[in-house]
There are 2 protein chains.
Amino acid sequence: MIDPPHANAYIGHMAAHHHHKHAGASLAQAAEAALVEAGEQWTDMRSDIFAVLATFEKPASAYDIADLVSQRRGKRVAPNSVYRILDLFVTTNLARRVESANAYIANSHPGCLHDCIFLICDSCGTATHIDDDALTMSVRAAAEHAGFAQVRPVIEVRGKCADCD
Amino acid sequence: MIDPPHANAYIGHMAAHHHHKHAGASLAQAAEAALVEAGEQWTDMRSDIFAVLATFEKPASAYDIADLVSQRRGKRVAPNSVYRILDLFVTTNLARRVESANAYIANSHPGCLHDCIFLICDSCGTATHIDDDALTMSVRAAAEHAGFAQVRPVIEVRGKCADCD
DNA sequence: CGATGCACGTTACAACATTACATCGCTAAA
DNA sequence: TTTAGCGATGTAATGTTGTAACGTGCATCG
């Protein structure tokens with residue numbers, strides 16, 4: 001089976017659902033709601049860490065966050081504590097880990113669960129994300145076809161963004 | 001535009017070209033040829049590092065490799081040196097970096113250039129890879145559609161392999 | 001009141017990665 | 001033949017990312 005050369009052209013699928021993209025206070029509120037919904041507490045520490053994470057344009061390392069949260073609280077917060085909470089955020093879908101950057105980024109629509117595709121600029125480091133469920137579902141399907149279960153796709157694209165190009 | 005529910009089903013594309021999958025000595029030979037082809041030298045050190053890398057079933061960390069190469073040579077080889085050579089291997093397509101594992105894996109068909117999809121088992125750590133050019137081209141296209149250039153897709157799927165499932 | 005559970009603190013350490021500079025061996029120009 | 005240059009590797013130090021083990025404070029509930 002051979003695909004014709006044009007078979008791979010990008011079609012521009014859009015997800016079948018619509019997102020309410022949050023920002024600022026609205027985002028924090030949505031995050032709190034999602035975390036409580038998951039049966040977890042919205043503590044001061046978690047709130048601070050989420051707030052700091054949300055201020056970043058680029059994926060933030062746990063250490064970046066630890067530094068800023070330390071400043072904000074006037075007291076050293078160990079990376080350790082930050083990792084614990086970041087892990088919680090990732091499992092509850094409030095944040096994502098960007099594997100190719102060893103860093104984290106706030107989910108701008110928490111509570112809305114699906115795979116996403118990150119585009120990370122090698123020059124300026126900013127990350128944007130695409131939602132293309134057709135594509136991510138195909139990746140999942142390919143993995144399952146190969147006998148994998150409980151799959152968690154990691155789809156990231158490194159390159160030059162439109163600004164840095 | 002809304003995709004019908006079945007639109008994401010996995011179709012099972014195969015690449016339009018055929019690979020000669022190398023193993024053992026044949027693989028080392030192919031690697032040497034590819035490196036020389038790229039205008040680089042095939043030194044003893046590079047040969048040893050490639051050989052060690054190729055023995056791994058699972059993605060190998062630079063430190064894993066450093067340890068084994070040190071044994072093999074009876075003399076400490078610093079991680080540093082290993083990283084240098086791994087970087088070279090990655091840029092010349094003799095090896096791939098598995099971002100979600102901070103580790104490297106030999107390319108079983110060096111000289112054959114295309115994106116690949118890794119499946120990494122969370123239980124046993126083994127990695128297999130899928131070639132699905134339709135899928136990877138779609139990812140590239142999606143990124144380019146978003147204004148990215150010089151794109152380098154990182155597509156990995158974490159999960160449970162058929163054996164560990 | 002005491003027991004339990006959870007969030008967070010503290011310390012130490014392990015794992016991954018880079019930087020700067022030194023040395024060695026080869027080759028090409030003087 | 002010397003020596004200047006260059007690529008590959010060695011050495012040492014350091015930076016960054018991630019985890020483990022264990023302690024403390026605080027709320028809730030019997």
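In the text below, chain A, chain B and the rest are named by the order of the sequence lines, each starting its count at 1.
Taking every nucleotide of DNA chain C with any atom under 4.0 Å from a non-hydrogen atom of chain B, the first and last of them, 5' to 3', are C:dC16 to C:dA20.
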**Prompt:** Taking protein heavy atoms under 4.0 Å as touching, what does nucleotides 14-27 of chain D look like 5' to 3' if B marks base contact, S marks sugar-phosphate-only contact and - marks none?
**Reply:** ---BBBBB------
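In this structure A:Leu88 satisfies the side chain to side chain contact (heavy atoms under 4.5 Å, CB included) test together with A:Leu35, A:Glu40, A:Arg46, A:Thr91, A:Thr92, sequence neighbours excluded. Here B:Arg73 pairs with B:Asp48 under the side chain to side chain donor-acceptor pair (under 3.5 Å) rule; sequence neighbours left out. Applying the salt bridge (Lys or Arg N to Asp or Glu O under 4.0 Å) rule to A:Asp165 yields no partners; only residues at least two apart in sequence or on another chain are considered. Remark: B:Arg152 engages no residue in a side chain to side chain donor-acceptor pair (under 3.5 Å) (not counting sequence neighbours). B:Ser100 is linked by a side chain to side chain donor-acceptor pair (under 3.5 Å) to B:Glu156, B:Arg158, counting only residues two or more places apart in sequence or in another chain.
Without hydrogens or angle criteria, B:Ser138 side chain to B:Ala134 main chain gives a donor-acceptor distance under 3.5 Å. In this structure, A:Asp132 contributes its side chain and B:Ala142 its backbone to no donor-acceptor pair below 3.5 Å. Proximity of a side-chain donor or acceptor of A:Thr136 to a complementary backbone N or O of A:Cys116 within less than 3.5 Å is not detected.
Looking only at side-chain heavy atoms (C-beta outward), A:Val69 and A:Met45 come within less than 4.5 Å of each other. Using a 4.5 Å cut-off on side-chain heavy atoms (C-beta onward), B:Ile155 and A:Val139 make contact.
Classification of A:Lys160 and A:Asp122 as a salt-bridged pair fails, no side-chain N sitting under 4.0 Å from a carboxylate O.
Non-hydrogen atoms lying under 4.0 Å from DNA chain D are contributed by B:Glu40, B:Gln41, B:Thr43, all within residues 31-43 of chain B. Of the residues in residues 69-78 of chain B, those placing a heavy atom less than 4.0 Å from an atom of DNA chain D are B:Lys75, B:Ala78, in numerical order. Contacts with DNA chain C (heavy atom under 4.0 Å) in residues 45-58 of chain A: A:Met45, A:Arg46, listed by number.
Taking all atoms of both residues into account, the shortest heavy-atom contact from A:Pro59 to A:Gly125 is CD-O, 3.4 Å.
Rounding to the nearest 0.5 angstrom, the gap separating the CG atom in A:Leu53 from the CZ atom in A:Arg96 is 12.5 Å.
The terminal axes of the helix from C:dC1-D:dG30 to C:dA30-D:dT1, fitted over 5 pairs per end, subtend an angle of 0° to the nearest 10°.
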**Asked** Stepwise, does the side-chain contact (heavy atoms from CB on, under 4.5 Å) test hold for A:His109 with A:His114?
**Response** CA-CA 10 Å; A:His109 40 73; A:His114 59 78; 3.9 Å; yes
**Request:** In sequence, state the C-alpha distance, the side-chain angles, and the governing distance for B:Arg72 and B:Val52, and then conclude on side-chain contact (heavy atoms from CB on, under 4.5 Å).
**Result:** CA-CA 9 Å; B:Arg72 165 187 283 239; B:Val52 165; 3.9 Å; yes
**Message:** Assess the residue pair A:Cys161 and A:Cys124 against the criterion (side-chain contact (heavy atoms from CB on, under 4.5 Å)); give the C-alpha distance rounded to whole Å, side-chain angles, the decisive distance to 0.1 Å, and a yes or no.
**Reply:** CA-CA 8 Å; A:Cys161 72; A:Cys124 66; 3.8 Å; yes
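Screening residues 72-98 of chain A for ring-ring contact (aromatic ring centres under 6.0 Å, His included) gives A:Phe50-A:Phe89 as the qualifying pairs, with residues at least two apart or on separate chains.
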